[in-house]
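Okay, so here's the structure we're looking at.
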Amino acid sequence: MLQKPRAHGRPCAQAERECGDPGEEAPSTSRGATGSSQGSRASLAAPAIGQRTQKQLDLKVAELVQFLLIKDQKKIPIKRTDILKHVVVDYRDVYSTLLKLAAERLQYVFGYKLVELEPKSNTYILINSLEPVEEDAEVRGDQGTPTTGLLMIILGLIFMKGNTITETEVWDFLRRLGVYPTKKHLIFGDPKKLITEDFVRQRYLEYRKIPHTDPVDYELQWGPRTHLETSKMKVLKFVAKVHNQDPKDWPTQYCEALADEENRARPASSGPASSS
């Protein structure tokens, strides 16, 4: 477990040097994982290639991920020829790009690494390898199980959206990863139950109804366990690693995370003297 956050106080000089006076308005930046000014940065979707649309590429990567997960259930090496025949088909010209994007999604969302058995063998296997940011195992939370990759994605979405996100926005994003609220998932089982019940019961997330919404919607925030087990900076680094970027590419979130780190580093206030 990570250390519990210590008493919060005024951010120290490092945060002020990098982000300016806390009283000043933070640099304008999109907070959404798919915001207008940084949508391309904060999306797990593939970049547009040739004449294919973003949606077409998203669907093909999701299809490839699903194919690899299903094939892995038998623990038999997956052949490149089978991938080309059953999934890629007329996307052969971007095969390497699709495989790279699928491998990234498998690692960060599902906790599996796509590995070629031998050099130039064109056969692959999946290995369970949830590699945490900066070798900090606690960032992943639940002992490195595949569901924690999904949890980290949700925690990142919440932070990038200003520490609160609607359930509708969560599912809009997860559908692009092949995860649907009404469909049983090969890895996650019942995704809606996992997110809105299991993670909530474990206190990783808080889930509450938004008043006066029609149709009814809910919002999610970080739960108390998340605040104890990880930090905004670690989650931001996870998001940056997923998108192959630097945490400073999101100035507002970086400043907020840096201030949080500074507050955590301050000495805890002295409690009442204990009797001997």
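Only a predicted model underlies this, so the values are computations on that prediction, with no experimental measurement involved. Reckoned from all heavy atoms, side chains included, excluding hydrogens, waters and symmetry mates.
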**Asked** What about L186 and V179, same hydrophobic cluster or not, with Ile/Leu/Val/Met/Phe/Trp/Tyr joined at side-chain heavy-atom distances under 4.5 Å?
**Response** yes
**Item:** Heavy-atom check, side chain of L64 versus side chain of L68, under 4.5 Å
**Value:** yes
**Item:** Heavy-atom pair with the smallest gap, counting every atom of Q245 and D249
**Value:** NE2-OD2, 2.9 Å
**Prompt:** Is the shortest heavy-atom distance from the side chain of F159 to the side chain of Q253 under 4.5 Å?
**Reply:** yes
**Message:** Taking the basic N atoms (NZ, or NE/NH1/NH2) and the acidic carboxylate oxygens, is any pair closer than 4.0 Å for R266 and E262?
**Reply:** no
**Item:** Heavy-atom closest pair, residues A257 and L236
**Value:** CB-CD2, 4.3 Å
**Prompt:** Heavy-atom distance under 4.5 Å between the side chains of L69 and L126, does that happen here?
**Reply:** yes
**Item:** Aromatic ring pairing Y204/F199, orientation class (parallel under 30°, perpendicular over 60°, tilted between)
**Value:** perpendicular
**Prompt:** Would you say I154 and L150 make side-chain contact, with heavy atoms under 4.5 Å?
**Reply:** yes
**Prompt:** Would M152 and Y108 satisfy side-chain contact (heavy atoms from CB on, under 4.5 Å), going step by step from the backbone distance to the final call?
**Reply:** CA-CA 9 Å; M152 286 297 291; Y108 292 110; over 6 Å; no
**Asked** Considering the options I153, L155, T230, which one meets the side chain to side chain contact (heavy atoms under 4.5 Å, CB included) requirement together with F238?
**Response** I153
**Item:** With Y218 via ring pair (Phe, Tyr, Trp, His ring centres under 6.0 Å) - residues at least two apart
**Value:** Y207
**Prompt:** Roughly how far, to the nearest 0.5 Å, is CD of E261 from OG of S231?
**Reply:** 4.0 Å
**Request:** Name all residues meeting the ring pair (Phe, Tyr, Trp, His ring centres under 6.0 Å) criterion together with W222; count only those two or more places apart in sequence or in a different chain, and write none if there are none.
**Result:** H227
**Message:** Among residues at least two apart in sequence or on other chains, which ones pass salt bridge (charged side-chain N to carboxylate O under 4.0 Å, His left out) with K55?
**Reply:** none
**Request:** Check whether any side-chain heavy atom of L258 sits under 4.5 Å from a side-chain heavy atom of K232, and report yes or no.
**Result:** no
**Request:** May I ask you to test the T147-F188 pair for a side-chain heavy-atom distance under 4.5 Å?
**Result:** yes
**Item:** Interatomic distance, L205 atom CG to I165 atom CD1 [nearest 0.5 angstrom]
**Value:** 11.0 Å
**Request:** With sequence neighbours excluded, tell me which residues meet salt bridge (charged side-chain N to carboxylate O under 4.0 Å, His left out) with K193.
**Result:** D198
**Message:** Between L57 and L59, is there shared hydrophobic-cluster membership here, with clusters defined by ILVMFWY side-chain heavy atoms closer than 4.5 Å?
**Reply:** no
**Message:** Taking salt bridge (Lys or Arg N to Asp or Glu O under 4.0 Å) as the cut-off, I'd like each qualifying pair that reaches into residues 212-223, sequence neighbours left out, listed once.
**Reply:** R208-E219
**Message:** For residues 79-88, which residue pairs pass the side-chain hydrogen bond (donor to acceptor under 3.5 Å, both in side chains) check, not counting sequence neighbours?
**Reply:** none
**Prompt:** Between E104 and K241, does a salt bridge (charged side-chain N to carboxylate O under 4.0 Å, His left out) hold up when you go through it step by step?
**Reply:** CA-CA 10 Å; E104 291 176 352; K241 188 174 181 180; over 6 Å; no
**Asked** Hey, any chance W171 and V216 share a hydrophobic cluster, counting ILVMFWY side chains that come within less than 4.5 Å of each other, even indirectly?
**Response** yes
**Request:** Check L157, I195, T166, V200 against L220 for a side chain to side chain contact (heavy atoms under 4.5 Å, CB included) and give me the one that passes.
**Result:** I195
**Prompt:** Hey, are E229 and K234 close enough for a salt bridge, meaning a charged N less than 4.0 Å from a carboxylate O?
**Reply:** no
**Request:** Determine whether Y180 and I70 fall in the same hydrophobic cluster, where Ile, Leu, Val, Met, Phe, Trp and Tyr are linked whenever their side-chain heavy atoms lie under 4.5 Å apart.
**Result:** no
**Request:** Hey, could you give me the NZ/CZ distance between K100 and R105, rounded to the nearest 0.5 Å?
**Result:** 12.0 Å
**Prompt:** CD/Q66 to CD1/I187 distance, rounded to the nearest 0.5 angstrom?
**Reply:** 8.5 Å
**Prompt:** Hey, are S121 and T123 close enough side-chain-wise for a donor-acceptor pair under 3.5 Å?
**Reply:** yes
**Asked** Does the ring centre of H185 sit less than 6.0 Å away from the ring centre of F110?
**Response** yes
**Fill in**
Heavy-atom closest pair (K192 atom, P181 atom, distance to 0.1 Å) is CB-O, 3.6 Å
**Item:** Side chains of L84 and R92 in contact at under 4.5 Å (non-hydrogen atoms)
**Value:** yes
**Prompt:** What distance do F173 atom CZ and L177 atom CG have between them, rounded to the nearest 0.5 Å?
**Reply:** 5.0 Å
**Message:** Cation-pi check for Y91 against K60: NZ or CZ below 6.0 Å from the six-membered ring centre and within 45 degrees of the axis, yes or no?
**Reply:** yes
**Message:** Is any side-chain heavy atom of K71 closer than 4.5 Å to one of P77?
**Reply:** no
**Request:** Quick one: pull up CD in E167 and CG in L174 and give me the separation to the nearest 0.5 Å.
**Result:** 10.0 Å
**Item:** Closest non-hydrogen atom pair between A240 and P247, with its separation
**Value:** CB-N, 3.7 Å
